2 protein chains.
Amino acid sequence: MKCVTEKSEDKIKEAARRVFLKKGFDGTTSRDIAREADMNIALTNYYFRSKEKLFLEIFKDILELYFKNMVNILNKPVDIKTKISDMIENDFKMMNEEPDLVIFIMNEIHKEPERLFPDLSFFKQIRSTLFCKQLDEGIANGTLRQIHIENIIPLIKSCVEFIFLGKHIHKKIYGMSEEEFNRYAQEQKEHVKAMICNYLILES
Amino acid sequence: MKCVTEKSEDKIKEAARRVFLKKGFDGTTSRDIAREADMNIALTNYYFRSKEKLFLEIFKDILELYFKNMVNILNKPVDIKTKISDMIENDFKMMNEEPDLVIFIMNEIHKEPERLFPDLSFFKQIRSTLFCKQLDEGIANGTLRQIHIENIIPLIKSCVEFIFLGKHIHKKIYGMSEEEFNRYAQEQKEHVKAMICNYLILES
DNA sequence: AATTATTTTAAATAGTTGTTTAAATTATTT
DNA sequence: AAATAATTTAAACAACTATTTAAAATAATT
C-alpha cells in the first residue's frame, strides 16, 4: 500500500527547500517554513532539531545536485566538442529547472565559506576524468590549446550561469519579457558553445 | 579649516556599506551597523530614518559603481580589441577592489527585483555608444561576427566576475591559497580576453 | 481493548529585532 | 552669556525570532 499523503518530515523539508532557495538562510524564518509546509511551527524542531540543521541538510542536497552531472559528463565517451556542448546544455537545463540554485549556493558560501563545505573528495575526481585525458592528448598532438582544466570549467559554467544569476538585471536593462529572455538565453547558449570550442579546438 | 573627524552620518553610511556588502540586508542588524560605526544605536534612524532607507541609499551607490565605467569604456576612441581588453581589465580591477560587490548586487536584486531598480535611463545609453557603432560597421564589412550587444557584454562580464562570485568555491575545489587564486584569476583573465576576441574578430 | 509509542498542537520561553522616546550633551546663534 | 538648535545618549517599545514545553490527538503494539 502506497502512502498517498506525504510524510510530515518530507513536507517540511521540501517546503524549507523552496523558501531557503528564494529567500536565503537569513531571510527565512521558522514561521515561513511552517506556513509554506502548512504545518505547526514546532514540527521543524521536532524533526530536524533546529533551523540550522535543516538548512545544512538541504544545502548538502542542493550542492550535490549542482555538481552531480558534471563528473558523469566529463567521463562520457564522446569527443571534446560534443562534451563541451553537453556540459553547457546540462547547465542550461539545470538553470531552467532551478533558477534560484546558483545564486543561492554562491551567496550562502560567500557569507560563511567554512561551514558549508563538508565533502571535497568528490571534486578530486575531476582531474582523473576522461575529459582531462582527452585534454592532455589534444594538447600533446597540437589539436587543442594549452590550458588547464581549472580554467576550462569556469569558462563553460560562467557564461550560461551568469545570465541566470543576473536574470532580473538583464531583463530590466534590456527591457525583456520572460519569453524574450528565454530566447535571449538560448541565443547566448549557442554563442558560448561556439566561442569556447573555437578557442579550445585549434585549426590545423 | 578642514574637518578631521568624520561626520557621524558618513561614518554610519560607510560602516553600513561594509556590513551590508558582507552580510546582505537580511543578515545585517541595526546593532551590527552601530557597532561597526562605533556609534549609538539610535543614530542610524536619526540620520537615515530606517535601516531600509539607509540600505536603499547605499545600494544605489553600489549599483552606480558597478556600472559606472562601462559606458565610458564603450565610448573610448579605441579599436574593438583594445576596448574589450579594457573592459575586462576594468572588471578585474573592480573585483579585486570590491570582492563582495557582484554577489551582493545579484543576491539583493534576486530576492526583491522590483524595489531595487530605480533608474534605467542609464542603460539606454549602451545602445548608442561608440562600441555599438563599431560593432555595426564591423559586421557590415565582415570583420566582426554577427552578434548583438546584449550578447557580448555578458560574455565579457561573466567570465571574470564568475570566478570572483564563486571565489571560495574555486579555492576549495582546487585547493588554492589566496596567492594561488590570484595567479589563477590572472590566467583566467588572459584566456577570456583571447577567447572573446578570437570569437568576435573574424580572420580574413 | 488497554497500553505504549509517535505525532501534532497551542502556549510559553528567553532573546533579538527595528524603531522611538525623552533626557542629556554639545554646538550654534543671538 | 543666554537662548536656541543640533546631536548623542541610555532606556524602553512592541513585534518578532528560534526553540521548548507539556498536554492532546493519533497510531502502533500488546
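Note that these values count all heavy atoms, side chains included, but never hydrogens, waters or copies made by symmetry. Since we're looking at a predicted model, the values are computed, not measured. First the proteins, then the strands, lettered A, B, ... as listed; each starts at 1.
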Short N-O contact, Glu178(B) and Lys167(B), less than 4.0 angstrom | yes
Dot-bracket summary - DNA chain C, pairs being Watson-Crick or G-U whose distances fall under 3.5 Å, with | when paired to another strand = |||||||||||||||||.||||||||||||
Lys172(B), NZ: over 12 other non-hydrogen atoms inside 6.0 angstrom = yes
Could you label the plane-to-plane angle of the Phe104(A) and Phe59(A) rings as parallel, tilted or perpendicular, counting under 30° as parallel and over 60° as perpendicular?
-> tilted
Whole-Å distance, Tyr46(B) OH to dT9(D) C1', equals 12 Å
If you walk 5' to 3' along DNA chain C, what is the first nucleotide with an atom under 4.0 Å of a heavy atom in chain B, and what is the last?
-> dT17(C) to dT21(C)
Parallel, tilted or perpendicular for His168(B) and His110(A), by the 30°/60° rule?
-> tilted
Residues forming a side-chain hydrogen bond (donor to acceptor under 3.5 Å, both in side chains) with Asn198(A), sequence neighbours excluded | none
Given the rule in the side chain to side chain donor-acceptor pair (under 3.5 Å) test, do Glu187(A) and His148(B) qualify, once you have shown the distances and angles that lead to the verdict?
-> CA-CA 10 Å; Glu187(A) 239 174 70; His148(B) 300 117; 3.3 Å; yes
Under 4.0 Å from any atom of DNA chain C, heavy atoms only: list the residues of residues 13-45 of chain B that qualify, in numerical order.
-> Thr28(B), Thr29(B), Ser30(B), Arg31(B), Ile41(B), Ala42(B), Asn45(B)
Scan for salt bridge (charged side-chain N to carboxylate O under 4.0 Å, His left out) pairs involving residues 70-88 of chain A, sequence neighbours excluded, and state none if there are none.
-> Lys76(A)-Asp86(A)
side-chain contact (heavy atoms from CB on, under 4.5 Å), paired with Arg17(B), selected from Ile58(B), Asp61(B), Ile33(B), Leu54(B) | Ile58(B)
Within the pair Ser8(B) and dT7(D), is there a side-chain N or O less than 4.0 Å away from OP1 or OP2?
-> no
Could you give the CZ-to-P distance, from Phe55(A) to dA18(D), as a whole number of Å?
-> 13 Å
Could you give the NZ-to-P distance, from Lys51(B) to dC16(D), as a whole number of Å?
-> 15 Å
Is Glu112(A) paired with Arg115(A) through a side-chain N to carboxylate O contact shorter than 4.0 Å?
-> yes
Under 4.0 Å between any heavy atoms, over every strand shown, what does Tyr47(A) touch: base, sugar-phosphate, or nothing? Just pick one.
-> sugar-phosphate
To the nearest angstrom, how far is Phe48(B) atom CZ from dT7(D) atom C1'?
-> 14 Å
Ion pair check, Glu97(A) and Lys93(A), cut-off under 4.0 Å | yes
side-chain hydrogen bond (donor to acceptor under 3.5 Å, both in side chains) involving Tyr184(A) - partner list, sequence neighbours excluded | none
